[in-house]
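As C-alpha cells, the structure follows; a few thoughts come after it.
Residue numbers start from 1 in every chain, and the chains themselves are labelled A, B, ... in the order their sequence lines are given, proteins ahead of strands. From a predicted model like this one, the values you see are computed outputs, not experimental measurements.
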Number of protein chains: 2
Amino acid sequence: MSTINDVSRLAGVSKATVSRVLSGSRGVKEASRQAVLKAVDELNYRPNVIAQSLLSQSTGCIGVICAQDNINQSTGYLYALEKQLSQHQKHLLLRFANTKAEVMNALEELSCGLCDDILIIGARFPLSVDQENVILVDCMQAADNVNSIQFDHAFAAETACNFLTSQGRRQIALIHPQGSGFADQVLLGYKHALEKNFLPFNRNLVFMEATSSSVALQELLNNASTLNFNALLVADEQEAQRVIPQLQAFNKSVPGDIMVFSLAGSLHLPGIPTIPAIEYSMDAMAARIVSWLNEKTQMLESWVLRGDLIIPEIRKR
Amino acid sequence: MSTINDVSRLAGVSKATVSRVLSGSRGVKEASRQAVLKAVDELNYRPNVIAQSLLSQSTGCIGVICAQDNINQSTGYLYALEKQLSQHQKHLLLRFANTKAEVMNALEELSCGLCDDILIIGARFPLSVDQENVILVDCMQAADNVNSIQFDHAFAAETACNFLTSQGRRQIALIHPQGSGFADQVLLGYKHALEKNFLPFNRNLVFMEATSSSVALQELLNNASTLNFNALLVADEQEAQRVIPQLQAFNKSVPGDIMVFSLAGSLHLPGIPTIPAIEYSMDAMAARIVSWLNEKTQMLESWVLRGDLIIPEIRKR
DNA sequence: CTGTTAGCGCATTCAT
DNA sequence: ATGAATGCGCTAACAG
C-alpha cells in the first residue's frame with residue numbers, strides 16, 4: 001500500500017499539500033491540486049484510516065455485542081444497525097456473547113481504543129456497566145447510571161390484551177418464563193388492560209415463574225375444562241412456535257380455539273401462518289441510536305421504545 | 001484514557017520498560033516490573049490498539065461482507081465466524097450488501113487499512129476481485145485468480161438423488177431457479193446420480209431456467225398425472241418453505257406423496273417439520289478460513305467444501 | 001499558497 | 001537492565 005509520502009514525492013509537493021487536497025482542498029493552487037490527484041490515481045492511494053484514527057482519537061468503529069439467546073433474532077438488529085451505521089461512515093464490529101462473563105470479556109476486548117462506542121443487545125442477565133460510551137439495548141435493567149434503550153413491555157402487554165379483547169377473546173392466558181426478564185412489566189400491562197376492560201384477573205391463567213413454557217402450557221391444558229381460555233400471550237416468536245404445535249396436539253386450533261399472541265415479533269415465513277404480535281421497529285431503533293452516537297450533546301440516559309401491533313391478514317389466501 | 005507516558009511517569013521508569021513489561025517481559029528487574037504493574041492497575045491502563053496497529057501494520061480486523069439474498073442465512077455464517085475469529089484475537093467487521101455495486105462499495109470502504117483481510121459471502125452475481133487479501137465464500141465463481149471457498153453443489157445434488165432413490169423415490173423433480181447460481185453443477189450431480197442408479201433422465205422434471213419456483217412447481221403439478229414425480233429437489237430452505245405449502249394446497253402430502261429435499265440447509269424450528277437436506281458445516285468452514293488467515297504461507301486459491309446429508313427423524317414424536 | 005515541524009501512542013532499535 | 005531516540009502515516013499549527 002502506498003503512503004502519503006509516495007504521493008507527495010510523485011506529485012512533487014509536500015505531504016501537507018497532499019493532505020490538504022484530499023481533505024477539504026481549499027487554498028491550493030490548481031496546478032498542484034491536479035498533480036496530487038494524478039499521483040493519487042496513479043498509485044491508487046487511499047489514506048490510511050489507522051493513522052487518521054491515531055490522530056483524531058476516534059476510529060468510527062461501533063462495537064455491537066449480541067447477547068440474545070435466540071441468535072436468529074439478532075439478524076434484525078444487525079441488519080438495521082449496519083444500514084444506519086454505514087450510511088454515517090461508521091463500522092460495525094460484531095461480537096456474540098451468551099453469558100455475563102462473555103459479555104464482560106467482549107466489552108473488555110473492545111475497550112482498547114478500537115471502538116468509539118459499544119452496544120450491548122438483548123442481555124437477559126443483570127449487567128453492571130458504568131462506561132459512558134456503552135449503550136444497553138433491550139437488556140435487563142440493572143444500575144440506572146448507564147445509557148439504555150428499553151422496550152416498553154408493559155405497553156406491549158396492554159396492547160396485546162386490548163387487541164385480544166376486541167377480538168372477543170376475554171380469557172387471556174399468559175405464559176412468560178422468568179428467563180425472559182421484564183416479568184413485572186408484562187404483568188403490569190396485563191393487569192392494566194384487564195381492569196380497563198372490566199375483566200377479572202384469574203391467577204390460574206398466569207404463569208410467570210415457570211422455567212419451561214411447555215410445562216406451563218400443559219398445566220393450562222390439563223385444566224382447560226374449567227379455565228376455558230381462548231387466547232394465549234407468550235414472550236416471543238420462539239415461544240409461540242414452541243407452543244402452537246403443543247396446542248394443536250391437544251386438538252386446539254390456532255387461532256380458531258386459541259389465539260396465540262407474541263409479545264416480541266412474529267415469524268414471517270411463507271410456509272408458517274403469521275400470528276398477531278407486537279413488533280419493534282428495528283429501523284426506528286437503529287436510527288435513534290446512530291443519531292445519538294453522532295451528536296452526543298444530549299444524554300440519552302434511558303429511552304423507551306414502543307412496539308407496533310402487527311395483525312396478520314387472516315384470509316390472505 | 002491513560003497512555004504509556006502516564007504509566008511510565010507514575011512507575012518512575014521509561015516508556016520502553018513499560019512496553020517491555022507488558023509484552024513478553026524479559027530482561028526487566030523485578031522491582032520495576034512490579035512498579036509498572038502497579039501503575040498499570042492504578043491507572044487502569046490498556047495499550048492503545050490503534051497505535052499498535054499503526055506500528056505493526058495490521059489491525060486484527062477481518063471485514064465480512066454478507067451478500068446473501070436471504071439475510072437469515074447469514075446468521076449461521078456470522079456466528080461461526082465470530083466464534084472462530086474472537087478465539088484468535090481477531091475482530092469481525094460486518095457489512096451487508098445486496099448488489100454488486102454495494103459489494104464493491106463496501107470493499108472499497110474496508111480497504112483503507114482498517115481490515116487485514118476481507119470475506120465476501122454468498123454473492124449470487126459475478127464479482128471480479130483481484131486483491132490478494134479477499135476471500136470469496138460461496139460466491140458465484142468469476143475470475144479464478146482470487147482466493148475462494150466453494151461449496152460442492154454437484155456433490156450435494158448427487159447425494160440428494162442417491163438418498164431419495166434409496167428411499168424408493170425414483171421420479172425426482174428438480175427446481176433450481178437461475179438466480180441461485182451453480183445451475184450447471186447441480187444438473188451435473190443430478191445426472192450423475194440418475195445414471196449410476198440406472199434411472200432415465202426426464203427433461204420435463206427439471207426446471208433450471210424458471211425465474212420463479214412457484215411457476216415451475218405449478219407446471220409440475222399441472223402435469224402431475226403423467227409425470228408422477230414423488231420427490232422434489234429445491235435450492236435451499238427458503239425455496240423449500242415456499243414450495244411445501246403449495247404442494248399441500250394441491251393435496252400432495254409432504255413427505256408422504258412427495259419428499260422435498262433442500263440442497264442447502266433446512267429450517268430447524270420447533271413448529272416446522274424438518275426436511276431432508278444437505279447442510280454445510282459453518283464451523284468447519286469458519287475454522288478453515290481462520291486457519292488460513294493466520295498462516296498465509298499456503299495459497300488457499302480454491303477450496304471446495306462438501307455438505308453433510310441431514311435426515312430428519314421421521315417419527316420423532 | 002506551501003513547506004517544515006511536531007506529535008498522536010506505541011514497540012523497537014541502539015546505546016549505555 | 002533500562003533510557004533515549006526513531007518512525008509507523010497522518011493532520012494541524014506555524015512559518016514563510
Donor-acceptor pair, side chain of [X] and main chain of [Y], under 3.5 angstrom:
{"X": "A/Glu102", "Y": "A/Asn98", "result": "yes"}
{"X": "B/Ser19", "Y": "B/Lys15", "result": "no"}
{"X": "B/Asp116", "Y": "B/Thr59", "result": "yes"}
{"X": "A/Arg46", "Y": "B/Glu108", "result": "yes"}

[N] phosphate, OP1 or OP2, under 4.0 Å from [X] side-chain N/O:
{"X": "B/Gln52", "N": "C/dA11", "answer": "yes"}
{"X": "A/Thr17", "N": "C/dG3", "answer": "yes"}
{"X": "B/Ser19", "N": "C/dT12", "answer": "no"}
{"X": "B/Ser56", "N": "D/dC8", "answer": "no"}

Closest-nucleotide 5' rank along DNA chain C - winner of B/Ile50 and A/Lys29: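 So the residue in question is A/Lys29.
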
Without decimals, in angstroms, what is the distance between [X] [atom1] and [N] [atom2]?
{"X": "A/Asp6", "N": "D/dG9", "atom1": "CG", "atom2": "P", "answer": "9 Å"}
{"X": "B/Arg33", "N": "D/dT2", "atom1": "CZ", "atom2": "C1'", "answer": "16 Å"}
{"X": "A/Leu114", "N": "C/dG9", "atom1": "CG", "atom2": "C1'", "answer": "14 Å"}
{"X": "A/Arg9", "N": "D/dG9", "atom1": "CZ", "atom2": "C1'", "answer": "13 Å"}
{"X": "A/Leu55", "N": "D/dT11", "atom1": "CG", "atom2": "P", "answer": "8 Å"}
{"X": "A/Leu22", "N": "D/dA12", "atom1": "CG", "atom2": "P", "answer": "12 Å"}
{"X": "A/Leu54", "N": "C/dC8", "atom1": "CG", "atom2": "C1'", "answer": "4 Å"}
{"X": "B/Lys15", "N": "C/dC14", "atom1": "NZ", "atom2": "P", "answer": "18 Å"}

Measure from the side chain of [X], starting at C-beta and using heavy atoms only, and say which of [options] lies closest.
{"X": "B/Ile4", "options": "D/dT2, C/dA11, C/dG7", "value": "C/dA11"}
{"X": "A/Asn48", "options": "C/dC10, D/dC10, C/dG3", "value": "D/dC10"}
{"X": "A/Ala16", "options": "D/dC10, C/dT2, D/dA13", "value": "D/dA13"}

Residue pair B/Tyr280 / B/Asp138, side-chain donor-acceptor N/O under 3.5 Å: no

Closest-nucleotide ordering on DNA chain D, the 5'-leading residue of B/Gly12 and A/Val18: B/Gly12

Sugar-phosphate only, base, or nothing, as touched by B/Ser32 at under 4.0 Å among non-hydrogen atoms: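 It contacts sugar-phosphate atoms only.
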
Any donor-acceptor N/O pair under 3.5 Å between C/dG3 base and A/Arg20 side chain: yes

